[in-house]
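Here is the structure we will look at.
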Amino acid sequence: MDYKQTVFLPKTEFPMRGGLPKKEPEILERWQKLGLYDQLRKARKNAPKFVLHDGPPYANGQLHIGHALNKILKDVINRSQSMLGKNANYVPGWDCHGLPIEWKIEEQYRKKGKDKDEVPIAEFRQECRDFAAHWLNIQSEEFQRLGILGDWGNPYTTMRYEAESIIAAEMGKFLMNGSLYRGSKPVMWSPVEKTALAEAEVEYSDHKSVTIFARFKVVSCPLQELQGASFVIWTTTPWTMPGNRAMACGAEIPYSALRITETSDSSLAKLGEVICLADELKDRVFDETGIVKADVVTRFTGADIAGSVAHHPMFSQGYDHDVPLFLADYVTTEQGTGFVHIAPGHGPEDYALAHLKHGVEVPDTVGEDGLIAEHLPLFGGMHVLRDNQKIADIMNEYGGLIGIGTLVHSYPHSWRSHAPVIYRNAAQWFVSMGDEHVDGTGLRSVALDALQNTDFYPASGQKRLISMIENRPDWCLSRQRAWGVPIPVFYHKQTGEPLRDQAVVDRIVSAFAEEGCDVWFTSPAARFLGADYNEADYIQVKDIADVWFDSGSTHAFVLETREDLQSPADLYLEGSDQHRGWFHSSLLESCGTRGQAPYKGVLTHGFVLDEQGRKMSKSLGNVVAPQKIIQQNGADILRLWVVSSDYYDDLRIGPEIIKRQTDHYRRIRNTLRYLLGAVNGFDRSTEAVQPAEMPELERWVLHRLAELDQQIRENTCAYDFHGIFTLIHDFCNSDLSAFYFDVRKDCLYCDEQNSLDRRACRTVMDHALQCLISWVAPVLCFTADEAWLAYTGDETDSIHLHTYMDVPDHWRDQLVADRWVKIRSLRSEIMVALEAARNDGTIGGGLSAEVKLTASQDTADLLNGIDLASLLITSAAEIDIGDTANLQISVRRAEGGKCVRCWKVFAYLPAENEQAICSRCETVLIAKSED
RNA sequence: AGGCGCGUAGCUCAGAUGGUUAGAGCGCACGACUGAUAAUCGUGAGGUCGGCAGUUCGACUCUGCCCGUGCCUACCA
C-alpha cells in the first residue's frame, strides 16, 4: 500500500515559482477588469483621507531607476495607508513646461534646417505640448507596469488649460499683495543667440582672454599714506570696465603700497608711482607688468582701507564716477592683485556685493547683441568678445593701465552655439522674500515658521530646507523662454510700476482657462487690459515663469480643485534633490499666498547608485534599467528591493543585490504557498478552534501575529517599510518555516483530520495566511493579489480592497511569549547535539534519533506539558531531573521499527517489518476508512 | 571650496542615553531529508565596526583631523 495517499499533504494551485514577468501583466489586466481603483474609491468614500501629493516628473523620456524608486515608494505608502482603512487616493501628475522640452523641439528644428525665431510662437508651443503629451503617455504605461495604483485615467499636468490659468492666478496673488516686483540681475547671456541661458545650457571650455591691470587712483582713504597712490585690479574681461562701479578687497589680506623704482622698457608702469597690491601677489604682478624694483611705502590689511574711494581708470574721459572699495570674503590671493573690480551688471557676486549689500546702482552698459552701449564714451559700439584688445589699447592710451596680457582659462560657453557667453544685466520679475505682505510678516519668516510645524522623514531634511530658506535671495520668476506659463503682468511705460488690478488678473485667468496661455501671445493686450487702461501706456511682460512656479502651484490646481483630495497634503515625497526644488518652491508659493505649507509631512529618499556605490552613468556602463528588471525578474522584485533598502540614504542596486531580492521573494512566496496548501479546504465555521482550547505552541503563533500586527501598524504610520520587511521576512523564515511549520508537519500530515491539535494548527495557519497576505500586499502587490485569489477563489475580490486583518487583543500573551523564547533557545542547544550525532553517523534524519535530557528542575518545568519529541522532531525524547546546572543531552539511534506512514520509530514495532504501522496512524486509517 | 548626509561581515540591514566574547536574514561551506522538492531542515566559517589621534577606568557608540562617497550650491575677478 502506498501510504503517501493516506497522508494529508499540502495542496495548492499557487505555484512555487512566480513567473512574475508573465504573471504581472495578467494581474494588471485583472485589476482593470475589476475596476480596482474605482472600487477602492467607492469603498473608502467616507473613510478619512490620506493624501500623498505626487511630485510631477518631467515628461521628456523613459523612466530610469530613480523614477521607479520614487513611484514604488509612493505606491507602497498609499497601499499601506489603504490597508489601515484610509482613503488613499493617488493622483499622478506631470511637469510639462520648461527648457529641456524646448531644447528637444529646437533640436528637431535644427535637423530640419528650420529657425526657431521664424516659427510662430503658438506653433512652437504646440509642438512642445505634443512632445510632452507623447512622453507622458509612455511614462504612464511604465509606471502602471510597476503596479502603481492611481487615477491614471485622469492625472494632472501643468500644461492643462485649467492648470495654466491657476498658475497665472497664483502669480496674480503675488502681484496683488505687492511682493512681485520688477528688478534686474545679471544673467548668463549669449550674445550670439541674443538670449539668456540657464545654468544647464552652459558648458565650460578653454577661452583666450585679454587681461588688464588697471589703476584706480585713490581719492580718499583712511590711510593718509595712500594719498596719490593707486589700487590695481586685474581682470580677464576688459569689456566690463565701463560697467565698473566698485572694487573689493579682503579684510585679512596683507597689502603693501609700493613705489616703483625700476621697470623694464616695455612696461606700462611709471617710475615713481605708488601702487597697492596684495603681498602674496606682488612678485607675479611685477613679472607680468615689467616692474623690476619697488620700495615698500607702507603695509596694511584690507580692513585698514575699507571705505576708500578711488577714480575709475577712465576718469575725466566720461567715467567720472567715484569707485568705492568694499570688503568681500570671497577675495583670494590665488591670482590677480588682491583687488577685485566690481561691475554689478556683469557678475552675480558683483551684483550681490555692490547692489544688494551696498546699494550701488546697476548700469546698463551692454546690449542684447553684445555691443557696448553707443552713448558710452570711447567704447560705445564695441563688441564684448571681439574688441577686448582694442578696449585695452584705448585704456592704455589714456593712462589707465599698468599692464596688458592674455590668459587661457576655463570660460562658460553656450551649449548650442559653443560661443562664449557673458553675464549681462537684464530686467527680471521677482517674488520678494522679505517684504511685509502676509499678516505683516515676510515670506521668509512665514516659510520658516511653517517648516517648524512640518514632519520630516528623515528628520535631517528639516534642517536642510530651513538653511536654504534662510539664505536664499528673492525668487527670480522670469525666464527668457517660450515654453511655459507667461508672467501675466503689465507695467507702466513711464513709471515702470506693475499694473495691480484684480479685474485685469481675472480677465487673464479666465482667458487662460478657456484657451490656454497661448492667448497671452496671440491676443491683443487690450483683451486683458479692458476699457480702463490704454494699451499704449503699458508694456506687456513676455517672460515665462520659472517652471518651479508651475510645480510649486500644484497644491492650488490639484489638491484644492479636486473634491477627492485636500490641502495641505499629508505627505510630499521626493528625492533629496527636491529640497532645492519642489519642496522649496511649493513651500514658498503656498506660504506667500496662503500663509502655510502645502504639506504636513515631507519624506525624502536617496539616490540610486550601482553595487559599488558609484553613481550610474552611461560611460561607466553601470546603469540599471527598471524595464530590464521587470522583464527579467518582475516588478515585485523591484518593489521588494525598495523596501529592503534604507531609502532615506542612497540605495544601491546591481546583479547581486537583485539576486538577494529574488531569494527573499522566494522565501516569502514559499511561505505563502505552504500555508495555502496547509489550509486547503479549511472551513472556519466547522474546523476553527478557540485560542483557549489550543496547544500552547499555537497560542504562541497567535501572540506573534498580534505582536507583528502592532509593529506593522506602527511602522506603517512612520513610513518605515524597511522595518516591516525585516519583520515579515524573519517571521516567515525563522518563526514559521524553520520552526512552527517544521514542528507541526507531523500533526498536519499524519494526525487524524479532525483532531483538536490539527484543527488548532489549521486555524492558526489560516489566521497567519490572512495576516501575511495583507501585510505583504502594499509591497508585493502582484503576489499578494495572486495569493489572495488562490485563497478565496473569488475573481471579484482583491486583497487590495481589504485592510490589514483584525487581530484580537487577547491573542497577546506575554507569558507564553517569554516561555517560548526560552524553549526555542533550549531547542537550538539540542539541535547542536543532534547535529554532532548526525556527523558521526549515529543518526540520519531527526526521526531516526531519540533524545534523553538530564536537566534542572527549572528546565523540566519549562518543558512541562510539551511533547518534547515533536518539538525536536525526533522519534522519542525524555527528560530526567538531575542535580546538574548544565543541560546534559544524549542522542542515540531510535530502537525499534519505523512506521511506514508517519516514519517515526517505535520500540514496539518490529524493526524488520517494512509494513508496520504505529498505533496513532492505525487509528487514523480506521477513522478515514469509515468516512 | 561650502552646506547637508553616509561609510558595521560577500549582500541588505539592526545596534536609546558609551560598559560583558558586535547581532539578524540572505549568500557561502558542510551535512540531513526526499511527504513544501528547481523546495525544506540543521550546523558552521565570515567583521582591526572607513583611517588616525584624543576624551574616558572603558568607544562601533563622544570630540578633532583625514580618506572615500552621495545630494545641493559655488567653481569667480
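So you know, we letter chains A, B, ... as the sequences are listed, proteins then strands, and number each from 1. Keep in mind that this is a model prediction, so the values were computed, not measured.
Taking the side chain to side chain donor-acceptor pair (under 3.5 Å) definition, one finds that A:Arg17 meets it with nothing, sequence neighbours left out. Remark: A:Lys659 pairs with A:Asp663 by the salt bridge (Lys or Arg N to Asp or Glu O under 4.0 Å) rule, at least two apart or across chains. In this structure, A:Glu288 has no salt bridge (Lys or Arg N to Asp or Glu O under 4.0 Å) partners at least two apart in sequence or on a different chain. For A:Asn388, the side chain to side chain donor-acceptor pair (under 3.5 Å) criterion is met by no residue, not counting sequence neighbours.
Regarding contacts with the backbone of B:rA77, every side-chain N or O of A:Tyr423 stays at 4.0 angstrom or more from both OP1 and OP2. Dashed line: the shortest gap from a side-chain N or O of A:Ser737 to OP1 or OP2 of B:rC41 is under 4.0 Å.
B:rG46 has its base syn relative to the sugar, with a glycosidic angle deviating from 0 by at most 90°.
For the pair A:Arg614 (side chain) and A:Glu611 (backbone), a donor-acceptor distance under 3.5 Å is absent. In this structure, the side chain of A:Asn733 does not engage the main chain of A:Arg667 through any donor-acceptor pair within 3.5 Å.
With P as the reference atom, B:rG44 and B:rG51 are 28 Å apart, rounded to whole Å. Using C1' as the reference atom, B:rA16 and B:rC60 are 15 Å apart when rounded to the nearest Å. B:rG18 and B:rU63 are spaced 11 Å apart, taking the P atom of each and rounding to whole Å. B:rG47 sits 36 Å from B:rA36 when the P atoms are compared, rounded to a whole Å. Rounded to the nearest Å, the gap between the C1' atom of B:rA29 and that of B:rA45 is 7 Å. Going from the P atom of B:rG42 to that of B:rA9 covers 26 Å, rounded to whole Å.
Listed by residue number, the members of residues 2-11 of chain A with any heavy atom below 4.0 angstrom from RNA chain B are A:Lys4, A:Val7, A:Leu9. A heavy atom lying under 4.0 Å from RNA chain B marks the following residues of residues 235-251 of chain A, by number: A:Thr235, A:Thr236.
Residues A:His358 and A:Phe326 place their aromatic rings such that the two centres sit under 6.0 Å apart.
Ring geometry for A:His722 against A:Phe725 counts as tilted: the plane angle lies between 30° and 60°, on a 0 to 90° scale. Aromatic ring pairs are classed by plane angle as parallel below 30°, tilted from 30° to 60° and perpendicular above 60°; the pair A:His413 and A:His207 is perpendicular. A:Tyr647 and A:Phe721 have tilted rings, their planes meeting at an angle from 30° to 60° on a 0 to 90° scale. By the 30° and 60° cut-offs, the orientation of the rings of A:His729 relative to A:His664 is perpendicular.
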Would you tabulate the side-chain donor-acceptor contacts of residues 338-345 of chain A under 3.5 Å, counting partners in other chains and residues two or more places apart, or write 'none'?
{"unit_1": "A:His341", "atom_1": "ND1", "unit_2": "A:Asn244", "atom_2": "ND2", "d": "2.7"}
{"unit_1": "A:His341", "atom_1": "NE2", "unit_2": "A:Thr240", "atom_2": "OG1", "d": "2.7"}

Run the side-chain donor-acceptor check on residues 674-681 of chain A: report pairs under 3.5 Å with partners two or more places apart or on a different chain.
{"unit_1": "A:Tyr674", "atom_1": "OH", "unit_2": "A:Tyr749", "atom_2": "OH", "d": "3.0"}

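Annotation: of the two residues near RNA chain B, A:Ile657 and A:Gly336, the 5′-most nearest-nucleotide partner is A:Ile657.
Heavy atoms of A:Val642 sit nowhere under 4.0 angstrom from any nucleic acid atom. Counting non-hydrogen atoms under 4.0 angstrom, A:Phe607 reaches the backbone sugars and phosphates but no base. At the heavy-atom level, A:Gly677 lies nowhere under 4.0 Å from the strands shown. The residue A:His341 sits close only to the backbone: its heavy atoms come under 4.0 Å of sugar-phosphate atoms, none of a base. Counting non-hydrogen atoms under 4.0 angstrom, A:Glu611 reaches nothing in the nucleic acid. Within 4.0 Å of A:Asn670, counting heavy atoms only, lies at least one base atom of the nucleic acid. Looking at heavy-atom distances under 4.0 Å, A:Arg580 makes contact with sugar-phosphate atoms alone, never a base. Heavy atoms of A:Arg901 sit under 4.0 angstrom from at least one base atom. Heavy atoms of A:Phe741 sit under 4.0 angstrom from at least one base atom.
For residues 460-471 of chain A, the set of pairs meeting the side-chain hydrogen bond (donor to acceptor under 3.5 Å, both in side chains) definition, not counting sequence neighbours, is empty. Pairs engaging residues 731-742 of chain A under the salt bridge (charged side-chain N to carboxylate O under 4.0 Å, His left out) rule: A:Arg704-A:Asp735, A:Asp735-A:Arg824, A:Asp742-A:Lys745 [sequence neighbours left out].
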(request) For RNA chain B, just give me the dot-bracket, please: Watson-Crick or G-U, both distances below 3.5 Å, ( ) intra-strand, [ ] crossing earlier pairs, | paired with another strand, . unpaired. (result) (((((((..((((.....[...)))).(((((.......))))).....(((((..]....))))))))))))....
(request) Report, as a single string ordered 5' to 3', how protein heavy atoms within less than 4.0 Å touch nucleotides 25-33 of chain B: B base, S sugar-phosphate only, - not at all. (result) SBS---SSS
